[in-house]
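All values derive from a computational prediction rather than experimental measurement. When a ligand or atom number is given, it counts from 1 through the structure's own listing order.
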Amino acid sequence: MTKSSILLNIKWDGLAKKSAFEKALPDHSFFNLADGMPSKEQLAEVKYAIVWKPEHGFLATLPNLEVIFSLGAGVDHVLEDAQLPDLPIVRFVDANLTGRMVEWVVLQVLMHLRHQRKYDSFQRISQWNEIFPQPAAENLTVGIMGFGELGQASARALLPLGFNLCGWSRSEKSMEGVACFHDEDGLDEFLSKTDILVSLLPYTQATHGILNRSLIEKLSRSGPFGAPVLINAGRGGSQIEADIIACLNEGVLHGVSLDVFETEPLPKESPLWSFDNAIITPHMAAVSDPAALAEHVALQVSRYEAGEGLQHLVDRARGY
Ligand code: NDP
Ligand code: OXD
């Protein structure tokens, strides 16, 4: 049987990452665009592509491509290609990635709850400062916008810490201990209850710019900090940074944690870098682990080749 080929566009940091794929998919040969452009004949052998931000128009040049795998959970970077072939797109859904996102979300929520940034600044000037009130988790509501794989897993981790929890999604959901809201109709009530907003929304036409001043002003101001906290690890295109900066300056926001930005890397001149109450991370909340990604692709390829359905398929009409 001839090997079918898999094309990747991943910049390896070391051979170990490449061998993770070769180990998980021993019956396939690999071409990595990061190692140079394969020949026309090699490109014609490619049946599967595993991509992150592929060059627009490139996937359409692969005559025998059958399935597109996103290297990440988000697929906006694939869907924005106007010449994208009409093929199944599988996104990355995986316990390792989910675990990393849950860690990041819990860390950020606790950083704000426990005033960690302020204590860091007092430590730098050797100042013993006990002045801050210490609300308990049960005094705050964390509202999670985007109540899918990552949002629900984050809720499951925050619940035992004692936070009140709300979730907001497109379709109706239920989870014990979480007040679930959905659709446009449920948004304002969800926001009015939320002291700490966590956005794990995919980037689509509907979520473009959704984290703006008007939305921020609908968040609860009756929580222990007197102003809400915004945490976003979904996509930068969902946030209006000029509004966030103004809200931080005016005290309309108590603090923010942002992992994603309108422009990445975040430009050096962005005022976001300089706020004491803004925690900035470089789009690393949940990086894709090569071995876990290789296992995920191997499972889906074996299902596909056995005539079973692919899992975690993207709905192009919804955009995620
Ligand atoms: P899911 O598809 O499982 O969840 C998305 C959630 O958002 C769903 O609950 C969905 O509603 C909801 N949603 C989508 N559009 C709307 C809308 N217009 N109104 C209301 N709710 C909406 O995705 P994941 O949880 O796996 O991932 C979410 C996003 O996280 C990714 O798309 C990516 O952008 C980002 N991400 C960021 C990473 C990082 O390192 N910063 C790492 C990994 C992911 P419904 O359930 O009804 O479909
Ligand atoms: C993802 C990401 O979508 O890392 O997985 O942003």
Side-chain angles (χ1 to χ4, degrees), residues 10-11 50-54 68-80 89-105 107-108 143-157 165-175 178 180-191 194 197-212 215 231-239 257-262 264-266 279-290 292-293 296-297 311-320:
I10 305 175
K11 293 191 181 77
I50 309 171
V51 291
W52 181 250
K53 300 184 182 170
I68 300 166
F69 290 90
S70 167
L71 183 136
V75 289
D76 46 307
H77 67 105
V78 177
L79 294 177
E80 66 194 13
I89 304 168
V90 177
R91 66 188 200 91
F92 189 29
V93 177
D94 165 71
N96 180 297
L97 180 134
T98 301
R100 289 163 191 250
M101 182 59 85
V102 167
E103 288 167 6
W104 188 88
V105 168
L107 173 68
Q108 301 311 319
I144 303 179
M145 267 184 115
F147 207 54
E149 292 288 339
L150 303 178
Q152 292 186 29
S154 300
R156 284 192 289 273
L165 278 154
C166 296
W168 184 70
S169 49
R170 221 163 74 124
S171 56
E172 197 168 349
K173 298 270 180 300
S174 70
M175 185 187 285
V178 180
C180 290
F181 300 88
H182 66 281
D183 212 349
E184 288 299 308
D185 298 346
L187 183 57
D188 284 4
E189 193 181 348
F190 162 83
L191 295 172
T194 295
L197 180 67
V198 176
S199 177
L200 290 168
L201 284 167
Y203 181 58
T204 66
Q205 277 184 2
T207 65
H208 172 81
I210 193 170
L211 304 172
N212 55 32
L215 179 140
I231 296 175
N232 184 18
R235 281 291 182 264
S238 296
Q239 74 200 14
S257 291
L258 304 174
D259 183 60
V260 288
F261 302 90
E262 287 174 20
E264 293 180 6
L266 180 63
I279 299 174
I280 303 297
T281 56
H283 199 145
M284 47 53 76
V287 294
S288 297
D289 174 69
L293 177 64
H296 153 84
V297 174
Q311 296 169 309
H312 315 305
L313 282 168
V314 171
D315 177 336
R316 288 195 188 206
R318 280 186 331 185
Y320 65 98

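Residue Trp168 has at least one heavy-atom neighbour below 4.0 Å for each of these atoms of ligand 1: 19 (N), 20 (C), 21 (N). Atoms of ligand 1 lying under 4.0 Å from any heavy atom of Met101, numbered from 1 in the order shown and given with element: 37 (C), 38 (C), 39 (C), 41 (N), 42 (C). Close approach to Ala206 involves these atoms of ligand 1, each under 4.0 Å from a residue heavy atom: 18 (N). Of all atoms in ligand 1, numbered sequentially from 1 with element shown, those under 4.0 Å from a heavy atom of Gly146 are 6 (C), 7 (O), 9 (O), 12 (C). The atoms of ligand 1 that sit less than 4.0 Å from any heavy atom of Leu200 are 28 (C), 29 (C). Of all the atoms in ligand 1, the ones that sit under 4.0 Å from a non-hydrogen atom of Arg235 are 33 (C), 34 (O), 35 (C), 36 (N), 37 (C). Under a 4.0 Å criterion applied to the non-hydrogen atoms of Lys173, ligand 1 contributes the atoms 45 (P), 46 (O), 47 (O). Proximity to Ala233 (heavy-atom distance under 4.0 Å) selects the following atoms of ligand 1: 35 (C), 36 (N), 37 (C), 38 (C), 39 (C), 41 (N).
In this structure, Arg235 counts as a contact residue of ligand 2, since one of its heavy atoms falls inside 4.0 Å of the ligand.
Under 4.0 angstrom from ligand 1, the non-hydrogen atoms of Arg318 all belong to its side chain. Only the backbone of Ala286 comes within contact range of ligand 2, with a heavy atom under 4.0 Å; no side-chain atom does. At a heavy-atom cutoff of 4.0 Å, ligand 2 is contacted by the side chain of Trp52 but not by its backbone.
Distance check: Thr281 OG1 to Trp104 CH2 gives 5.0 Å after rounding to the nearest 0.5 Å. To the nearest 0.5 Å, atoms CG (Leu71) and NE2 (His296) are separated by 9.5 Å. If you take CG on Leu293 and OG on Ser288, they are separated by 6.0 Å, rounding to the nearest 0.5 Å. Between the CG atom of Leu197 and the CG atom of Asn232 there is a distance of 8.5 Å, given to the nearest 0.5 Å.
Taking any N or O of Gly72, backbone or side chain, none lies under 3.5 Å from an N or O belonging to ligand 2.
Comparing Arg91, Arg100, Met145 against atom 26 (O) of ligand 1, the shortest heavy-atom distance belongs to Arg91. For the residues Met284, His283, Glu264, the heavy atom positioned nearest atom 6 (O) of ligand 2 is part of His283. For atom 1 (C) of ligand 2, the nearest non-hydrogen atom from the set Ser70, Ala73, Gly234 comes from Ala73.
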